[in-house]
Structure formats: structure tokens, C-alpha cells
Amino acid sequence: MSILVIGECVADIVRAPAGSGAADRVHPGGSPANVAYGLARLGRDVTLLTQLADDSSGRLIADHLKGAGVRVEVGGAPERTPSAVVGLDALGRATYTFDIAWTLTADPVRPAPAHVHIGSIAAVTAPGAAAVLAVTGVLRDRATVSYDPNVRPALMGGHGEAVARVERCVALSDLVKASDEDLAWLYPGESPRTVAARWLALGPAVVLVTRGAEGSLGVTRRETVAVDAPPVAVVDTVGAGDSFMSAVLDSLAGRERAALGALGAEDLTGLLRTAAAAAAVTVSRAGANPPDRAELEAAREEFGLRSGRAS
């Protein structure tokens with residue numbers, strides 16, 4: 001099956017913790033680009049609709065994506081390729097400072113994909129977000145849709161408007177994945193299960209919540225399942241959520257809309273275990289470096305027997 005990912009590419013400039021003596025590193029990044037790259041690493045037929053400038057960072061990112069097998073379609077070229085300075089604390093947790101503009105212009109992709117993934121900055125940042133939603137709205141008649149808000153507060157604008165934009169994307173989607181940090185910013189004081197119920201009422205069949213070292217949660221209208229995070233030595237968390245998302249889409253490839261709504265507790269448990277294993281591989285090494293198929297299978301063998309908890 002073919003997968004279309006729509007969203008930004010970003011040159012990630014990863015700064016080492018102060019006093020560590022380590023040098024800064026530059027990695028191709030951007031949440032949607034990372035998801036596309038992760039899918040290609042797993043052998044999936046994937047196209048990324050994005051924006052890249054004809055500069056050194058743009059060429060670096062394009063070569064990186066194409067080297068994994070991603071087809072890159074550029075919907076307008078910005079003056080410079082977006083960048084983000086990534087700061088890491090002593091635990092390898094990442095914070096971002098962005099230099100990004102998003103002005104995507106695009107017609108619906110032909111041939112139509114079987115699945116569309118949207119998310120992050122591109123889905124909520126004007127003026128390009130309008131093109132993202134328009135293309136997705138046309139394609140969802142024939143394709144399933146997934147969404148990851150990947151909240152970046154500095155780029156979200158006013159809180160109420162940001163929540164409304166996110167919920168428009170949620171309503172377009174069949175599956176939504178978010179982190180507990182995303183939910184805490186969007187809905188302060190509400191539990192992940194409460195937010196999942198709110199989002200399910202808007203239309204999606206499945207809501208997944210990642211909770212870092214505490215594992216992940218999968219919620220449908222009939223089931224709620226929690227899975228532990230595998231124990232792993234963390235180098236940094238850059239791209240971990242995107243690797244999780246790639247593994248989710250890989251695991252669900254070929255399932256139509258009705259099948260997503262029919263996922264049971266065992267299905268959700270297996271899905272979360274596999275995605276957690278992919279994320280564990282990613283955090284065990286520097287940058288957004290997701291596993292290939294062999295590495296994911298090895299990680300599943302190592303970590304996949306940890307129990308899920310239906311509740």
C-alpha cells in the first residue's frame with residue numbers, strides 16, 4: 001500500500017548539554033519527514049509532500065530521505081530550509097527553538113494513496129496548513145488518515161485558537177497519536193484518558209498516547225490498553241515519537257477505516273509493544289535514527305514480551 005506524509009522538513013542542530021564537552025550535531029529532521037523516513041526504513045512505499053529550499057540543508061535532507069527510499073514532492077520552495085536548534089538536558093530530553101516558515105501549495109496527489117499522515121507544525125501553521133487540510137480532506141474519501149499534533153507551543157499562537165486547529169485535524173483523522181506533554185499543553189489538568197474520550201467523540205477510531213518512560217496508552221470506543229516502556233539507556237529523545245508513529249502505521253498498513261474501529265485489546269497491545277520497541281531503538285542512539293525492519297524485529301524479540309494491561 002502507498003502512504004502519503006504531508007509536512008515539514010527541518011534541519012535539527014542538536015546542542016549538547018552545557019559543560020559536556022561534546023560538539024553540536026546537525027541531523028535531518030522535522031516530525032513528518034522523520035515519520036516518512038521511518039516508514040521507508042521499514043520498507044514501505046512512502047511519499048513526502050513538503051517544502052525544501054535549494055540550499056545546503058535542503059540538499060542534505062533530500063539526500064537523506066531519498067537514500068532511504070522516500071519519494072520527495074516539493075510544494076513550493078521557501079527562501080531557506082527550516083531549522084531548529086535542539087537543546088538536550090542531562091537526561092537527553094529535547095527542547096526546540098525554530099526558524100521556520102510554512103507556505104505549502106499543492107494539488108491532490110495522484111495516484112491517491114491508501115493512507116495519509118499529517119502532523120506537527122505543517123498541520124496548524126498558516127498559510128500552508130490550509131493546503132494540508134484541503135489535500136487531506138479530498139483524499140480521505142479513499143484513504144485512512146492519521147495525525148500527530150507534536151505540539152510546539154512557541155509556534156502555536158493563542159491557546160484557544162491552537163486547540164481549535166488541532167481539533168480540526170483530529171476530526172479529519174481515523175487515528176491520532178499524541179504525547180502526554182502535548183495533551184498537558186492543550187488541555188491542562190485533564191487526564192490522557194479524558195482527552196482520548198474527547199477526541200474519539202470528534203471522529204477518530206483510535207487514540208494513542210505516549211508517556212515517555214511510563215509507556216503508552218491505546219484507546220478506542222471499546223477498549224483501553226496500557227503498555228510499559230522497554231528499559232533502555234537513553235542517548236537522546238530526538239525523533240522517538242516519530243519512530244513510534246512510523247511503527248504504528250507500518251503495523252496497521254492495509255487496514256481500512258472499519259478495521260481500525262474494530263481493533264481489540266490484543267490488537268492494541270501488540271501495536272503499542274511494536275511501536276514502543278521502535279522508539280526504544282531510536283532513543284538508544286543519537287538523533288532521529290529509526291530502526292530498519294531487521295532492527296525492529298530484533299527489538300521486538302528483546303522487548304516485545306513485556307505485558308500490556310487492558311483496563
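All values reported here derive from a predicted model rather than from experimental measurement. If you read the sequence from its start, that first residue is 1, and numbering goes on from there.
When all heavy atoms of P290 and T282 are compared, the closest pair comes out as CA-OG1, 3.5 Å. Here the shortest heavy-atom pairing between V176 and P204 reads CG2-CG, 3.8 Å. Annotation for V145 and R140: closest pair CG2-CB, 3.7 Å, computed over non-hydrogen atoms. Taking each heavy atom of S2 and P113 in turn, the nearest pair found is OG-CA, 3.2 Å. Nearest heavy atom pair, residue A279 against residue A240, reads CB-O, 3.7 Å. Of all the heavy atoms in M1 and A114, the pair that sits closest is CE-CB, 3.7 Å.
Using a 4.5 Å heavy-atom threshold, the side chains of S146 and L249 count as touching. R193 is listed as a side-chain neighbour of T224, based on a closest heavy-atom distance under 4.5 Å. Contact check for L202 versus E167: side-chain heavy atoms found under the 4.5 Å cut-off. Two residues are said to be in side-chain contact when any heavy atoms from C-beta on lie closer than 4.5 Å; E214 and D228 fail this criterion. Counting heavy atoms from C-beta on, the side chains of P149 and V151 come closer than 4.5 Å. For the pair T269 and V227, the minimum side-chain heavy-atom distance is below 4.5 Å. The shortest distance between side-chain heavy atoms of L217 and V225 does not fall below 4.5 Å. Between V248 and M245 the shortest side-chain heavy-atom distance falls below 4.5 Å.
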**Study point:** Test side-chain contact (heavy atoms from CB on, under 4.5 Å) applied to I6 and T136, step by step
**Key:** CA-CA 9 Å; I6 310 175; T136 304; 3.9 Å; yes
Exercise for review: Take V5 and L49 through the side-chain contact (heavy atoms from CB on, under 4.5 Å) test and state the conclusion after the steps.
Suggested key: CA-CA 6 Å; V5 179; L49 177 58; over 6 Å; no
Exercise for review: Applying side-chain contact (heavy atoms from CB on, under 4.5 Å), run through Y147 and L172 and close with a yes or a no.
Suggested key: CA-CA 9 Å; Y147 172 56; L172 275 174; over 6 Å; no
Practice item. Please lay out, stage by stage, how E295 and R285 fare under the test salt bridge (charged side-chain N to carboxylate O under 4.0 Å, His left out). Key: CA-CA 13 Å; E295 290 172 328; R285 52 202 190 190; 3.1 Å; yes
Exercise for review: Report the C-alpha separation of V195 and L186 in whole Å, then their side-chain angles, then the decisive distance to 0.1 Å, and conclude whether the side-chain contact (heavy atoms from CB on, under 4.5 Å) test is met.
Suggested key: CA-CA 9 Å; V195 177; L186 290 166; over 6 Å; no
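In terms of modelled atom types and a separation under 3.5 Å, the side chain of S243 and the main chain of G239 share no donor-acceptor contact. Looking only at distances, no side-chain donor or acceptor of H27 sits under 3.5 Å from a matching main-chain atom of N289. Not one N or O on the side chain of E8 forms a donor-acceptor pair closer than 3.5 Å with the backbone of G30. Judged purely by atom type and a 3.5 angstrom limit, S120 has no side-chain atom pairing as donor or acceptor with the backbone of A122. A donor-acceptor pair is defined here as one N or O able to donate and one able to accept, closer than 3.5 Å; no such pair exists between the side chain of D63 and the backbone of L60. No donor-acceptor distance shorter than 3.5 angstrom exists from the side chain of R44 to the backbone of I3, with no hydrogens or angles considered.
With respect to the salt-bridge test (charged N to carboxylate O, under 4.0 angstrom), the residues D180 and R211 do not qualify. Here D148 pairs with K177 in a salt bridge; the nearest charged N to carboxylate O distance falls below 4.0 Å.
The distance from the CZ atom of R59 to the CG atom of D54 is 5.0 Å, given to the nearest 0.5 Å. Remark: C9 SG to I61 CD1 distance equals 5.5 Å, nearest 0.5 Å. How far NE2 of H117 is from OG of S31: 5.5 Å, rounded to the nearest 0.5 Å. One distance of note links CD of E266 with CD of E223; it measures 11.0 Å at 0.5 Å rounding. Note that CZ of R273 is 10.0 Å distant from CZ of R300, once rounded to the nearest 0.5 Å. Going from atom CG of N150 over to atom CD of E181 covers 10.5 Å, rounded to the nearest 0.5 Å.
Residues S191 and T194 bring a donor and an acceptor atom of their side chains to less than 3.5 Å of each other. Between the side chains of S57 and T81, no donor-acceptor pair is found at a separation under 3.5 Å. Between T144 and D174, the side chains place no donor N or O within less than 3.5 Å of an acceptor N or O (distance only, hydrogens not considered). One side chain, T103 or Q51, offers a donor N or O that lies under 3.5 Å from an acceptor on the other.
Using a 4.5 Å cut-off between side-chain heavy atoms of Ile, Leu, Val, Met, Phe, Trp and Tyr, with links allowed through other members, F244 and V281 fall into different hydrophobic clusters. L42 and L271 fall into different hydrophobic clusters, where Ile, Leu, Val, Met, Phe, Trp and Tyr are joined by side-chain heavy atoms under 4.5 Å apart, directly or via other members. Follow the hydrophobic side-chain contacts under 4.5 Å out from V116 and you reach W102 in the same cluster. No continuous path of hydrophobic side-chain contacts links L208 to L296 [ILVMFWY only; heavy atoms under 4.5 Å]. Residues V70 and L39 share a single hydrophobic cluster, defined by chaining ILVMFWY side chains whose heavy atoms lie under 4.5 Å apart.
Applying the side chain to side chain donor-acceptor pair (under 3.5 Å) criterion to W199, with sequence neighbours excluded, gives Y187. Qualifying side chain to side chain donor-acceptor pair (under 3.5 Å) partners for S179, counting only residues two or more places apart in sequence or in other chains: D182.
Atom CD of E256 is surrounded by 12 or fewer heavy atoms from other residues, nucleotides or ligands within 6.0 Å. Atom CD of E190 has more than 12 neighbouring heavy atoms from other residues, nucleotides or ligands inside a 6.0 Å radius.
In summary, the aromatic rings of Y37 and H64 are positioned with their centroids under 6.0 Å apart.
The residue from T125, L133, V124 that alone fulfils the side-chain contact (heavy atoms from CB on, under 4.5 Å) condition with R165 is V124.
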